[in-house]
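Working notes for the structure below.
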Amino acid sequence: QVQLVESGGGLVQAGGSLSLSCAASGRAPSTYFMGWFRQVPGKEREFVSAVTPSGSRTYYADSAEGRFTISRDNARSTVLLQMNSLKPEDTAVYYCAAQAQKSTVTIDNGSEWDYWGRGTQVTVSS
């Protein structure tokens, strides 16, 4: 079992920045892939970014590439998502997720992720 708690959401103007944090606890969170998804009402949860257990490799959705940066600190069991140049279309509830290592890891399919936080609201005003 892994427990995830997000923080850092809020209201920001377009062009601004926010940093989201995810605190992980439980059984060996440093061995999990960690990721961020987002969801707006009426739409499916959307992949944003992910990082390998070691932190050596990162993945981004096209919408996040070049603007968002994911990182992790395994000593502190935290994962950060730095979001720059925010746009109104980035408005969503952002969820932290963890996926156990297995023979085939699917990064961008939410149904493949094992644990989820409760989410934090990000609102970008125009």
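Basis for what follows: all heavy atoms, side chains included, without hydrogens, waters or symmetry-related copies.
- Counted by atom type alone, D73 and T78 present zero donor-acceptor pairs between their side chains at under 3.5 Å.
- The closest donor-acceptor contact from the side chain of Y60 to the backbone of I70 lies under 3.5 Å.
- Judged by distance alone, with hydrogens and angles left aside, the side-chain atoms of T52 form a donor-acceptor pair with the main-chain N or O of R57 at under 3.5 Å.
- Nearest heavy atoms, M34 versus A98: SD-CB, 3.6 Å.
- Hydrophobic clustering (ILVMFWY, side-chain heavy atoms < 4.5 Å, transitive): V79 and L20 are in one cluster.
- N109 contributes no side-chain N or O that, together with a main-chain N or O of T106, makes up a donor-acceptor pair within less than 3.5 Å.
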Tabulate below the donor-acceptor pairs under 3.5 Å that side-chain atoms of residues 116-126 make, not counting sequence neighbours, or state none.
unit_1	atom_1	unit_2	atom_2	d
T120	OG1	G9	N	3.2
Q121	NE2	A92	O	3.4
Q121	NE2	T123	OG1	3.3

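- Distance alone, capped at 3.5 Å, places no donor-acceptor pair between the S85 side chain and the R67 backbone.
- Both the sub-6.0 Å distance and the 45° axial angle are not jointly satisfied by R38 relative to the ring of Y95.
- One finds the CE atom of M83 at 5.0 Å from the OH atom of Y94 (value rounded to the nearest 0.5 Å).
- The backbone N or O of C96 lies less than 3.5 Å from a partner atom in the side chain of E6, making a donor-acceptor pair.
- Annotation: side chain of F47 is in contact with side chain of I107 (closest heavy-atom distance under 4.5 Å).
- Annotation for K102: atom NZ counts as buried by contact number, over 12 foreign heavy atoms lying within 6.0 Å.
- More than 12 heavy-atom neighbours from other residues, nucleotides or ligands sit within 6.0 angstrom of CD on Q101.
- Using a 4.5 Å heavy-atom threshold, the side chains of S63 and E46 count as touching.
- Residues G8 and L18 share a closest heavy-atom pair of O-CD2, 3.8 Å.
- Y32 places none of its side-chain heavy atoms less than 4.5 Å from the side chain of L4.
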